[in-house]
Protein chains: 2
Amino acid sequence: MGLTKTEIFTFEQNQLSVLLKAIAHPARIAILQQIISANACICGDLVEELGLAQATISQHLKELKNAGIIQGAIDGVKVCYCIEPKTWKLLDQLFGDFMRSYVDPKGCC
Amino acid sequence: MGLTKTEIFTFEQNQLSVLLKAIAHPARIAILQQIISANACICGDLVEELGLAQATISQHLKELKNAGIIQGAIDGVKVCYCIEPKTWKLLDQLFGDFMRSYVDPKGCC
DNA sequence: TGATCTAATCGTATTATTGCGATATAATTA
DNA sequence: TAATTATATCGCAATAATACGATTAGATCA
């Protein structure tokens, strides 16, 4: 049917998948790296840095914002984006727990 | 156009996004958790555990396999799936580096 | 106020994803 | 060999995602 059955899964499974899906795109990874490396924030510089149209960058920023991974502050004519620390920590926690739940082989198929 | 411009991004950006995209679905997270908790491997048990059709589970397994996150070994009539340790480590490394590149606020917008 | 600059949104074309019934494949058992 | 069991694949319908030109909205500057 083309519709994910979210009601079947746990809150945490859905929560982690939403956060990961927001990051799981090379353009959004590049945007986040740019935001992080610029220490503070950026805005339309991203359009120049990456080779994508302004509308496309804006859309990616919106998705990252919807997922709560970044936040945008209006600064005059520009908009300054930066990481949302709370969500970043949450993601680190959720994904860390998930990854650490697997402890090596010691016998498999 | 609806086609991700992979040629614009670095190998690592694309690599990480492929791995994350494979995991960024609640059903696939549930499948991985099931595989991990069963220590060894599983196969069609997943169809019973999760509430999805056999064709759907098989498709999700295929995607996880294509990304290199799991491997399947034929065991008679059944197929035994388990985590691919190398890819798991790679993901842990790539994502860990990515997450750690952000070091708290100390002044933002 | 009018011009300018920045960013968001709309509309649209293209492609990908999700889910499942039906069918095919492959190994095992009777 | 025929029946059974376990998976994979095909085909399809519905929905989501990607990208971008064009337009809109909002703030700043002359």
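In what follows, chains are A, B, ... by sequence order, proteins preceding strands, each numbered from 1.
A:His60 has a side-chain polar atom (N or O) that falls below the 4.0 Å cut-off from OP1 or OP2 of D:dA19.
The separation between B:Glu63 atom CD and C:dT18 atom C1' is 9 Å, rounded to whole Å. Between the P atom of C:dA8 and the CG atom of A:Leu64 lies a distance of 12 Å, rounded to the nearest Å. The CG-C1' distance, from A:Leu52 to C:dA7, rounds to 16 Å in whole Å. Rounded to whole Å, the distance from CG on A:Asp75 to P on C:dC5 is 18 Å. In this structure, A:Lys5 places its NZ atom 15 Å from C1' of D:dT15, rounding to the nearest Å.
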Please output the side-chain donor-acceptor pairs of residues 26-35 of chain B that fall under 3.5 Å, not counting sequence neighbours, one pair per line with the distance.
| from | atom 1 | to | atom 2 | distance (Å) |
| --- | --- | --- | --- | --- |
| B:Arg28 | NE | B:Ala22 | O | 2.5 |
| B:Arg28 | NH1 | B:His60 | ND1 | 2.9 |
| B:Arg28 | NH1 | B:Glu63 | OE1 | 3.4 |
| B:Arg28 | NH2 | B:Lys21 | O | 3.3 |
| B:Gln33 | OE1 | A:Gln13 | NE2 | 2.7 |

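Of the possible donor and acceptor atoms, none in the side chain of B:Ser17 sits under 3.5 Å from a partner among the backbone N and O of A:Ala24.
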I'd like a list of close polar pairs between nucleotides 4-12 of chain D and the protein, N/O only, cut-off under 3.5 Å.
| from | atom 1 | to | atom 2 | distance (Å) |
| --- | --- | --- | --- | --- |
| D:dT7 | OP1 | B:Gly44 | N | 3.3 |
| D:dT7 | OP1 | B:Val79 | N | 3.4 |
| D:dT7 | OP2 | B:Gly44 | N | 3.2 |
| D:dA8 | OP1 | B:Tyr81 | OH | 2.2 |
| D:dA8 | OP2 | B:Ser58 | OG | 3.0 |
| D:dA8 | N7 | B:Gln54 | NE2 | 2.9 |
| D:dA8 | N6 | B:Gln54 | OE1 | 3.0 |

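Contacts between residues 67-74 of chain A and DNA chain C, defined by a heavy-atom separation below 4.0 Å, involve no residue at all. A heavy atom lying under 4.0 Å from DNA chain C marks the following residues of residues 17-31 of chain B, by number: B:Lys21, B:His25, B:Arg28.
Residue contacts shown for B:Ile57 are absent, as no nucleic acid heavy atom lies under 4.0 Å away.
Residues meeting the side-chain contact (heavy atoms from CB on, under 4.5 Å) test with B:Lys65, sequence neighbours left out: B:Ile70, B:Tyr81. The salt bridge (Lys or Arg N to Asp or Glu O under 4.0 Å) search around A:Glu84 returns none, not counting sequence neighbours.
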